[in-house]
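Just below is one structure, and these are the notes that go with it.
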Amino acid sequence: MKGAVLLAWSLCAGGLFGQVTFERLVNSSKEPQNWLTYSGEDAGRHVSALDQINVQNGRSLVAKWVYQTGAPGDGSNGRFENTPLVVDGILYGTAQDGRVFALDARTGRPIWRYQRQLPKDIRPCCGRVNRGLAILGDKVFFGTLDAHVMALDAKTGHVVWDVAAVDYKKGYSFTAAPLAVKNLIIISPAGGEYGIRGFVDAYDADTGQRKWRFNTVPEPGQPGNETWEGDSWKTGGAPGWVTGAYDPVSNQIFWTTGNPAPSNRGVGRTGDNLYSDCLLALDADTGKLNWYFQFTKHDTHDWDATEVPVMIDLDGKHLIVQANRNGFFYVLDRPTGKLLSATPFGAVTWSHAKDARLQTRISSRRPKAGGYVLARLASPTGIRPHLIRKRAFSM
Amino acid sequence: MNRLILLALAATLCAQDRNPFANDPKAAEAGKSHFRINCSLCHGLGARGGGRGPDLTHAQKKHGSSDAELFRTIHDGVPGTDMPAAIGSVGVEMKDQEIWQVITYLRSIEVKAPPVSGNPASGKDLFYSVANCSKCHMVEGKGGRLGPDLTDVGSARSVESIVESIRDPSRQLADGYQTVTVVTADGHETKGFIMNEDSFSVQMMDTSERILLLEKDKLRSFKKSSVSLMPPYNTTVLSDKDLQDIIAYLLKKAAQ
């Protein structure tokens with residue numbers, strides 16, 4: 001009987017495979033047995049509705065299987081920062097230095113593996129990491145440390161397309177998992193510490209052809225360029241190294257950006273430095289900027305705004321919220337970007353809630369204690385005040 | 001004085017672009033040995049293509065044919081392909097001198113590319129329609145999954161070996177395409193190829209391209225076979241002319 005069940009399950013798994021439609025992605029919370037996107041479900045909460053593992057039995061968990069993604073001496077470098085996808089019994093992940101794998105989720109046995117040969121002279125900003133994949137149709141998508149965007153056949157791992165998004169020698173790399181929206185693959189680079197000029201790109205999922213690019217640092221003639229001093233926009237940073245979210249209600253892609261470059265030094269880039277440390281609302285079909293909200297103007301403390309934005313529908317309102325590195329918890333109206341509240345979630349020393357609401361420029365202010373921010377987590381567990389360098393809170 | 005230093009430096013740099021062992025039979029012999037140890041796993045013995053790496057006996061190399069370009073390809077690897085750098089990562093740890101000896105060896109075995117008689121456009125039509133190749137094989141992401149991806153096969157294998165695989169597919173199964181037939185506890189028979197297996201489980205793709213994740217002790221039978229899932233394309237099924245056209249298409253694709 002068990003065998004029959006197993007077979008039925010296996011055939012079911014096979015039968016469903018290849019049908020990861022966009023409809024499934026936007027309704028992913030309806031299938032909690034799977035983890036179809038980087039954020040796990042459409043609202044971006046990174047929360048599973050499954051309750052088999054809970055606070056009562058968590059302590060009794062034991063390893064079922066182990067899959068080693070890389071080993072000392074085999075040439076693998078970097079850290080493992082992957083959020084795997086699980087699709088109908090198959091686990092897809094990325095690992096050090098351009099490794100991608102598909103595993104039997106029950107046994108950990110590999111179904112296929114892919115390894116990209118990387119150039120020796122890559123300069124990945126801030127770690128040789130990769131955070132994961134997007135899946136759509138019968139392909140998985142990821143970005144590489146040498147700034148390529150790639151599509152692999154989800155069943156075999158064969159390369160379907162491979163596109164150089166930008167010249168990695170200029171400090172660009174991809175570490176974030178892409179986001180699949182309709183038939184587009186959305187991705188944004190890392191490299192804020194190396195003076196890149198950030199962007200959010202959209203590629204045709206079938207062909208790899210680039211459909212649009214939104215530059216996160218505007219050039220002369222574009223709105224926002226006046227927030228940069230001289231030519232500083234050319235190397236203005238504002239990378240998008242964490243996966244964004246898609247809102248079917250307003251057909252907008254939300255993407256967050258990191259620090260302006262140079263990171264901790266504002267001299268030479270006087271101004272607000274748009275669109276660094278921002279939440280961007282882009283039209284999903286064209287990449288046109290609908291609205292933006294800048295959490296930290298003229299950032300000199302590396303307060304990337306790259307914490308994943310979470311969408312909440314409450315009392316008929318479509319909201320988007322983010323616990324930002326600058327110590328404030330923000331609530332905005334999703335369709336318009338209107339700021340509804342900014343509340344400190346710790347003892348923040350650099351600004352007041354009122355300032356944050358009014359988006360007062362705070363470039364002249366410095367955190368107390370010589371560049372440190374003191375944040376007290378409001379927690380019923382009575383956690384002591386945290387002293388976290390440069391950031392008030394880390395997601 | 002400074003000019004002298006610059007001249008000396010320039011001479012050194014130029015020397016790196018030129019093979020110090022050019023046409024030296026002893027160096028070619030040493031290079032043959034290095035090739036066998038470090039390169040033949042992918043490029044095949046005699047550099048005739050090993051299924052993974054291209055046939056290197058052609059004078060025209062995909063990533064540059066000059067001595068300097070060959071040196072760079074071997075020394076740095078080819079990003080985005082399986083070709084590793086000589087040093088580091090999965091590197092084969094070849095020294096510069098050994099790389100030059102390998103290049104000397106490759107020069108000694110270069111042959112003129114045989115003229116291709118087939119018509120690649122007609123070969124493409126055959127591949128995707130009448131001959132049904134694309135039902136099981138992909139080229140550049142288009143096609144089936146039951147057989148190897150053929151995007152680069154035109155450079156990775158010799159024409160003779162491609163002909164053999166088409167006319168007599170079971171003579172040598174492609175790596176990773178072992179045929180298997182399983183019968184489940186309820187008597188359901190499924191045929192496909194093994195993607196991976198261990199003592200307890202098997203991950204296979206069936207002929208409908210479904211991935212099945214099976215535990216062996218739950219199966220009534222589990223039989224591997226050395227008979228390819230691909231039918232033999234003999235001359236009654238595929239004429240010599242059509243075969244040449246398909247090969248011309250694959251060679252053209254691999255060269256792009």
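Atoms considered below: every heavy atom in the structure, side chains included; atoms not considered: hydrogens, waters and symmetry mates. Within every chain, numbering begins at 1; the chains are lettered A, B, ... in the order of the sequence lines, protein sequences first and strands thereafter.
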- Counting a contact as any heavy-atom pair under 4.5 Å apart, which residues of residues 156-173 of chain A contact chain B? A/Thr156, A/His158, A/Val159, A/Val160
- Contact check, side chains of B/Met138 and A/Asp153, non-hydrogen atoms, under 4.5 Å: yes
- Item | ring-ring contact (aromatic ring centres under 6.0 Å, His included) involving A/Tyr203 - partner list, sequence neighbours excluded | none
- Region of A/Leu118 that comes under 4.5 Å of a non-hydrogen atom in chain B: backbone
- Query: Which of the residues B/Glu140, B/Arg220, B/Met195 is involved in the greatest number of heavy-atom pairs with chain A at under 4.5 angstrom?
  - Reply: B/Met195
- Query: Got more than 12 heavy atoms from elsewhere within 6.0 Å of CZ, B/Phe200?
  - Reply: no
- Item | Contact leader toward chain A among B/Gly141, B/Ser208, B/Gly77, where contacts are heavy-atom pairs under 4.5 Å | B/Gly141
- Message: Is it true that, when you exclude B/Lys61 itself, more than 12 heavy atoms of the residues, nucleotides or ligands shown sit nearer than 6.0 Å to its NZ?
- Response: yes
- Item | Option passing side chain to side chain contact (heavy atoms under 4.5 Å, CB included) with A/Asp104 (candidates B/Ile211, B/Leu213, B/Asn196, B/Leu212) | B/Leu213
- Query: CD1/A/Ile90 to CD/B/Gln203 distance, rounded to the nearest 0.5 angstrom?
  - Reply: 9.5 Å
- Message: My understanding is that only residues two or more places apart in sequence, or in another chain, count here; which of them pass ring-ring contact (aromatic ring centres under 6.0 Å, His included) with B/Phe193?
- Response: B/Tyr177
- Query: Could you give the distance from CG (B/Asp76) to NZ (A/Lys120), rounded to the nearest 0.5 Å?
  - Reply: 5.0 Å
- Neighbour count >12 (heavy atoms, 6.0 Å) for atom CD, B/Gln172: no
- Item | Inter-residue atom distance B/Asp198.CG - A/Arg109.CZ, 0.5 Å rounding | 4.0 Å
- Tell me, for B/Ser201 versus chain A, whether the close heavy atoms (under 4.5 Å) come from the side chain, the backbone, both or neither. side chain
- Item | By ring-ring contact (aromatic ring centres under 6.0 Å, His included) - contacts of B/His75 (at least two apart) | B/Phe71
- Message: Assess the residue pair A/Lys155 and B/Met205 against the criterion (side-chain contact (heavy atoms from CB on, under 4.5 Å)); give the C-alpha distance rounded to whole Å, side-chain angles, the decisive distance to 0.1 Å, and a yes or no.
- Response: CA-CA 9 Å; A/Lys155 287 187 175 182; B/Met205 180 177 283; 3.7 Å; yes
- Salt bridge or not for A/Asp206 and B/Lys142, using N-O below 4.0 Å? no
